[in-house]
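Heavy atoms only: backbone and side chains are in, while hydrogens, waters and symmetry mates are out. Proteins get letters first, then strands, A, B, ... in listed order; numbering begins at 1 in each.
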Amino acid sequence: MTRATLQALLSHWWRNPLQLFTLLAGLALATALWSGVQAVNAEARASYDAAAAALGEGQYDRLLRRDGQPMDQATYITLRRAGWLVSPVVQGRLNDVRIIGIDPLTAPGDIGPVAIGEDADVVGFLTGAGQLFANAETAQRLTGQQVIITPEAAPGTAITDIGVAQRLLGKQGQIDSLIIAPAQPRSQPPLEDIAPQLLRRAAQGGSDIGRLTDSFHLNLTAFGLLSFAVGIFIVHGAIGLAFEQRRPVVRTLRALGLPLRRLIILMGAELVLFALFAGAIGVALGYVIAALLLPDVAATLRGLYGADVSGTLQLRPVWWLSGLSIALGGTALAASGALYRLSKMPLLAAAQPRALAMAAGRNAVIQGAGAAVLLAVAVVLMFTAQGLIGGFSLLAALLIGAALALPLILDRVLAACSGLARSVTAQWFWSDTRQQLPGLSLALMALLLAMAANVGVSTMVSSFRLTFVEFLDQRLSSELYVSTEDATQSQMLTAFAVPRVDAILPIQFADTEIAGQPTEVYGARDHHTYRDNWIFLQNSAAPWDTTFGGQTILINEQLARRGGLGIGDQVQLQDQVFLIAGIYGDYGNPIGQAVISEAQFAGLYPGITAQRFGLRLDPDHVPGFVAALEAEAGIPATQTVDQARIKAISLQVFERTFTVTTALNILTLAVAGFAILMSLLTLATMRVPQLAPAWAMGMTRGQLGKLELLRAVLLAVLTAMVALPLGLALAWALLAVVNVAAFGWELPMYLFPGDYARLGIFALLAAALAALWPAKRLARTPPADLLKVFSNER
Amino acid sequence: MSDKMVQGVVGRIIALVFLWFLPLQVAAQGFAGLGTDAEGFAIPTPEPSFEFPADHGPHPEYRIEWWYLTANLTAEDGTPYGLQWTLFRSALAPEAGEGWTAPQLWMGHAAVTTPDRHHVSERLARGGIGQAGVIAEPFSAWIDDWELQGDWDTLQMTASGADFSYDMALTAQGPLIFHGQDGYSVKSAAGQASYYYSQPFFDIAGTLQLPQGDVAVTGTAWLDREWSSQPLSDDQTGWDWFSLSFDGGHKLMGFRLQQTDGQNYTSATWITPDGRTTAFPDGAFSAEPLITHQTVGGEVPIRWQVRLPAKDVDVTVSAMNPNAWMTTSIPYWEGPVTVIGSHMGMGYLEMTGYE
């Protein structure tokens with residue numbers, strides 16, 4: 001019996017292979033987009049985690065010298081002997097590989113290279129034989145060294161014993177930083193008494209790199225989720241249709257005595273099978289997407305944040321699991337309604353070929369109410385949402401509410417147009433479009449979501465780019481940057497540069513606390529560079545004049561938000577009181593920052609001398625100046641950074657970001673277009689009875705076909721008009737709610753009408769392409785088929 | 001955080017390097033091949049002659065060495081406490097060396113045992129950079145802020161952990177005593193041996209800083225010195241070591257080395273109140289587990305029947321706090337014991353090879 005039932009059920013798919021294809025393809029595409037994005041994210045995260053773990057970044061407080069220079073090894077011994085449980089770290093670069101030296105005996109438990117294998121030469125590691133741990137890619141750059149390949153090692157990083165690192169980096173007897181173990185003895189002398197030259201830097205919630213790139217990943221994740229939602233709409237449509245069309249089969253089976261319970265179990269099993277099959281295809285496809293995207297993402301992150309990400313993908317079993325479970329979950333979500341209706345259906349309910357449309361009509365009121373409630377929730381959340389959960393709830397309410405509202409909105413618009421129509425053909429066209437709406441609404445919802453997601457993500461990425469470029473202009477306003485090794489070299493540089501450049505802007509900072517927040521205070525030299533380039537989020541009148549005058553201070557947004565500070569508030573540095581004159585955006589910086597005048601800085605922090613300098617000079621003279629600096633002052637080109645070069649690199653990186661975004665945009669639109677095609681094809685055969693009278697009254701098949709095409713484009717235009725505001729609302733929610741909740745800074749939102757117009761055209765093209773085939777088929781329908789309508793009620 | 005990254009080098013290096021301090025339940029291979037040969041390390045020879053204070057200092061040409069102090073303490077209110085201060089030296093190569101490449105590694109263990117708590121702390125350090133070491137004259141043994149220093153007639157001792165610290169003064173009330181044949185202590189039938197002497201006659205007084213407050217304590221302490229390159233044979237998997245002080249002034253050191261064949265190798269030293277010793281060969285001393293207890297690290301015997309018929313010793317030795325498990329990188333059980341039977345008294349018990 002079970003077998004016979006299954007055969008009966010499955011026969012539907014044999015007879016409608018296109019529907020089966022829609023179902024499987026929709027599910028596979030949804031899973032692919034989701035798992036592809038997740039894979040890219042996971043791979044990138046694994047890379048930084050490895051990098052961060054190598055240094056214990058973010059987990060442990062550290063001790064550093066106030067002036068940023070390496071400390072003497074004796075300081076380490078003094079601290080240990082005073083009961084401070086600290087562990088030394090030396091780092092530097094060798095052949096462009098980051099070398100990290102640790103002392104495994106004192107390092108907190110989770111720092112260090114990947115597990116040393118059983119065969120590892122421990123004695124060799126500890127006694128200076130020079131073992132380095134790195135991945136295969138990095139190992140190639142470490143020629144002449146004894147490298148042990150460990151695939152999990154952070155990209156571009158090699159870990160070794162501290163003694164070896166000191167020797168390789170020429171830092172004998174020096175230590176760059178000390179990691180403070182979390183558990184310390186119950187009593188120990190204060191740091192000021194034993195090592196006053198050291199500064200304790202608190203652990204940051206995640207690594208610096210992690211925080212910066214989290215923003216990027218959050219965006220990608222949101223995108224993946226939206227893509228999945230689009231896919232699920234398609235699946236929902238396909239399942240709904242299949243269930244409606246199988247009503248006669250179901251009726252017959254039940255009339256033959258098949259228990260409802262078993263029927264539902266069998267139909268559920270059928271879906272599970274499909275979900276597993278499509279999910280597996282989806283994960284494989286997602287892997288391909290990820291493999292194609294990853295090099296770009298890796299390049300983006302490396303350029304943007306200096307995060308080394310492995311450009312190659314490892315196939316992790318967890319993706320299969322998560323991909324398959326999301327496919328199963330998505331199918332369950334899409335099918336639950338259909339299965340529920342089936343279980344409630346009266347035994348001998350007549351097979352109703354248009355049941356779907358009629359059910360949609362019956363449900364319109366419920367659907368409208370749902371949409372209204374969700375949109376109202378979204379509005380409330382816009383003003384009240386706090387934290388990530390609030391932000392994502394806002395996104396969900398907005399998207400689902402808008403999707404539910406779409407058919408109703410379109411219905412109203414079409415009704416209005418129908419009222420305005422003069423000619424009979426136009427009236428028929430509008431009414432017919434309206435009548436077709438229920439069958440197309442799921443596909444249109446998918447299109448709406450795809451477009452809204454694209455508008456939202458494009459806006460977000462472009463706003464990010466614009467903000468960042470402005471920020472780079474502000475922060476990299478000097479033409480050349482030079483780092484010096486010590487105070488003597490600083491003096492040499494100053495002496496050399498004064499007659500040759502327009503201005504020297506020392507970059508000097510001290511670590512302190514403002515309003516209880518760890519903050520770096522910078523001392524800025526009075527120069528028009530600052531006035532010209534810095535953009536404030538909020539400021540009082542002439543903020544630079546008062547700041548260079550010594551009365552005021554400028555702070556970054558992070559400090560303002562976390563310390564609850566605003567313009568005109570007072571802050572204190574040692575015994576000096578400053579008024580806040582400006583708040584500036586400081587994207588990606590995890591901690592507070594403030595700017596005071598050079599004179600005030602020198603008074604407050606007399607021990608700190610600048611070791612980085614921005615030089616203003618004619619950009620054309622930069623290469624000549626760098627050459628002269630090396631030849632005459634002995635400061636090598638490696639200590640200089642050409643601003644134009646940095647900017648060029650940054651912009652290149654953004655181009656890559658766009659490659660990723662564009663690729664994802666095209667994919668989602670393709671999915672939505674596919675949904676429209678499938679809906680139209682399914683509707684096509686059902687619509688013959690409705691078209692036959694129009695044909696019989698004198699419209700040619702060609703005209704009917706053109707009208708079909710026009711209808712699809714029209715619906716796409718209307719959907720696009722709803723999608724644009726929805727996409728903008730989405731972008732706003734991502735930038736102003738989710739980003740603030742996640743990272744503590746708001747990205748300003750910019751609008752890009754050109755981009756939206758292009759997206760709109762893409763969407764129309766997708767809809768037109770999708771409608772082309774069904775329209776052509778219609779135009780070629782044999783007249784005999786149309787005539788049959790009048791002889792046979794089908 | 002990628003979990004494969006973590007617990008990497010640290011755990012393994014500690015385990016591999018310090019493995020041979022305390023025998024683990026490793027198959028017949030011995031531990032990391034240590035039972036086989038001495039790889040250029042010096043090996044203890046019979047009829048040693050010690051030179052003091054030089055021999056209080058380190059012997060880098062031997063693979064392992066320790067300065068091991070345990071104390072039975074009593075507070076003014078009569079509450080008993082146990083205390084441990086240990087510094088282990090482990091050599092990767094038979095030379096002292098200097099800087100990070102020096103092949104000498106150091107490990108410190110400190111503990112305070114109360115009737116219901118057991119506080120443990122551990123420190124690790126490289127030799128050659130000044131973070132840990134031992135100097136014979138003037139005697140000082142240290143790792144980080146832990147220190148044992150003085151002239152062996154009097155010693156000052158400190159140690160600290162996350163939840164305890166102590167500060168103690170020791171005064172010797174008798175001479176050094178030498179185990180085995182004048183300090184040459186045989187550890188197996190195959191002849192593995194170590195140099196082993198003790199100062200079991202310390203009076204100790206000082207303050208324990210515990211979470212509940214400072215506690216002034218007095219009592220007696222026992223300091224062991226031992227070094228070797230190959231202390232155990234391949235088939236020995238752990239040991240039970242007793243240092244017992246009886247009312248009336250006699251003391252007994254006895255150990256039982258567990259073998260894979262289920263047999264034991266035992267050895268003992270009987271110490272009179274004035275410091276004369278009698279060494280007993282394998283079989284004279286016996287220790288039988290009576291009751292076991294499941295600790296956080298393993299099931300260990302916490303009550304023993306200890307016999308040395310030659311001295312009419314037949315006593316029941318019971319752990320003061322059964323949960324005195326050392327949660328260190330090499331885990332073991334170490335804690336104060338009480339002695340009842342033919343002799344009354346107290347002492348310390350160490351048990352390894354049970355995890």
Side-chain angles (χ1 to χ4, degrees), chain A residues 45-46 49-50 52-54 59 73-74 76-85 101-118 120 122-129 133 150-154 159 161-167 172-173 182-188, chain B residues 1-19 32 39 90-93 95 97-107 110 119 121-132 142-147 158-165 167 209-211 329:
Chain A
R45 271 175 210 285
D49 283 350
Q59 295 176 71
Q73 192 166 299
Y76 164 62
I77 301 300
T78 309
L79 278 163
R80 290 290 310 197
R81 301 259 7 227
W84 275 74
L85 298 188
I102 56 161
D103 172 28
L105 290 195
T106 50
D110 45 5
I111 291 180
V114 190
I116 289 182
E118 295 295 338
V122 178
V123 175
F125 188 85
L126 288 177
T127 52
F133 287 78
T150 41
E152 293 90 344
I159 294 180
D161 183 60
I162 183 160
V164 176
Q166 284 183 342
R167 176 166 55 78
Q172 274 88 351
Q184 294 286 326
R186 57 196 299 277
S187 64
Q188 54 187 193
Chain B
M1 169 76 45
S2 139
D3 49 0
K4 279 185 190 159
M5 283 287 300
V6 303
Q7 308 304 344
V9 74
V10 179
R12 280 180 191 270
I13 283 183
I14 292 168
L16 288 172
V17 165
F18 289 99
L19 206 52
E39 296 167 21
S90 172
L92 303 173
E95 56 181 296
E98 228 179 88
W100 291 105
T101 56
Q104 302 285 331
L105 308 179
W106 298 86
M107 173 167 76
H119 305 277
S121 182
E122 177 176 46
R123 300 294 176 84
L124 298 165
R126 309 274 279 269
I129 53 165
Q131 188 188 340
W142 77 94
I143 181 165
D144 295 340
D145 54 325
W146 302 4
E147 192 161 29
T158 58
S160 64
D163 55 357
F164 76 98
S165 60
D167 203 335
Q209 286 99 29
L210 299 175
S329 42

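- When all heavy atoms of A:D103 and B:R126 are compared, the pair lying nearest together is OD1-NH1, 2.8 Å.
- Ranked by non-hydrogen atom pairs under 4.5 Å with chain B, the options A:T78, A:I162, A:L79 are led by A:I162.
- Between A:Q166 atom CD and B:T101 atom OG1 the span is 10.5 Å, to the nearest 0.5 Å.
- Around atom CD of A:Q172, more than 12 heavy atoms belonging to other residues, nucleotides or ligands sit under 6.0 Å away.
- Between atom CG of residue B:L124 and atom CG of residue A:L85 there is a gap of 10.5 Å, rounded to the nearest 0.5 Å.
- Partners of B:D163 under the salt bridge (Lys or Arg N to Asp or Glu O under 4.0 Å) rule, at least two apart in sequence or in another chain, are B:R117.
- Contact annotation for B:Q209: both backbone and side-chain heavy atoms come within less than 4.5 Å of a heavy atom of chain A.
- At a 4.5 Å heavy-atom cutoff, the contact between A:Q73 and chain B is made by side-chain atoms alone.
- Looking at B:S160 and A:Q184, their side chains never come closer than 4.5 Å, going by heavy atoms from C-beta outward.
- The shortest side-chain heavy-atom distance between B:R123 and A:P185 falls under the 4.5 Å cut-off.
- B:S121 is linked by a side chain to side chain donor-acceptor pair (under 3.5 Å) to nothing, counting only residues two or more places apart in sequence or in another chain.
- A heavy-atom distance below 4.5 Å is found between the side chains of B:Q131 and A:Y76.
- Distance alone, capped at 3.5 Å, places no donor-acceptor pair between the A:R81 side chain and the B:D145 backbone.
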